Amino acid sequence: MAKEIKIEGNYKTVSLFESIKKGEIYLIPYDKKRYNGIRAESCRRNRDARLTGELKSKMDVKFRVSATEYPGYTSLIRVK
């Protein structure tokens, strides 16, 4: 289920990660700075999940980010 996110004045990258549920895909309009921020937050969240034991190995991920799957959008995908 893909949901398009509108960029407004109250947009925060961290709030996207808190509101996304398992199996959802958020489509955010592509911007290089925004993409790098979302990717960095995804890496932090995956690392924290590994440290708390939620994820078992380094290959296991909770969040995935892609700039090529949907052209013109950064896609944020929650796997687990």
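Not measured: the values here are computed from a predicted model.
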Non-hydrogen atoms of D60 and R50 that approach each other most closely: O-NH2, 3.0 Å
Which heavy-atom pair separates G53 from K56 by the least distance, and what is that distance? O-NZ, 3.4 Å
Heavy atoms from other residues, nucleotides or ligands near CZ of R45 exceed 12 (cutoff 6.0 Å): yes
Do K21 and E24 sit within salt-bridge range, that is, some charged N less than 4.0 Å from a carboxylate O? no
Heavy-atom distance under 4.5 Å between the side chains of S66 and Y73, does that happen here? no
Does one hydrophobic cluster hold both I20 and Y30, with members joined at side-chain heavy-atom distances below 4.5 Å? yes
Could you check if a side-chain atom of K80 sits within less than 4.5 angstrom of a side-chain atom of L55, using non-hydrogen atoms only? yes
At their closest point, which heavy atom of I77 faces which heavy atom of E69, and how far apart are they? CD1-OE1, 3.7 Å
For D48, does its backbone N or O pair with a side-chain atom of T52 as donor and acceptor, under 3.5 Å? yes
Main-chain N/O of A67 paired to T74 side chain as donor or acceptor, under 3.5 Å: no
Testing L51, V79, V61 for side-chain contact (heavy atoms from CB on, under 4.5 Å) with N46, which one passes? V61
Side chains of R34 and P29: closer than 4.5 Å at any heavy-atom pair? yes
same_hphob_cluster(F63, Y26) at 4.5 Å side-chain heavy-atom cutoff: yes
Check: K3 and I28 side chains under 4.5 Å, non-hydrogen atoms: no
Any chain of hydrophobic side-chain contacts (each under 4.5 Å) joining I7 to V65? yes
Side-chain heavy atoms under 4.5 angstrom apart, residues restricted to Ile, Leu, Val, Met, Phe, Trp, Tyr: same cluster for Y35 and L76? yes
Within-4.5 Å side-chain heavy-atom neighbours: L16 and I5: yes
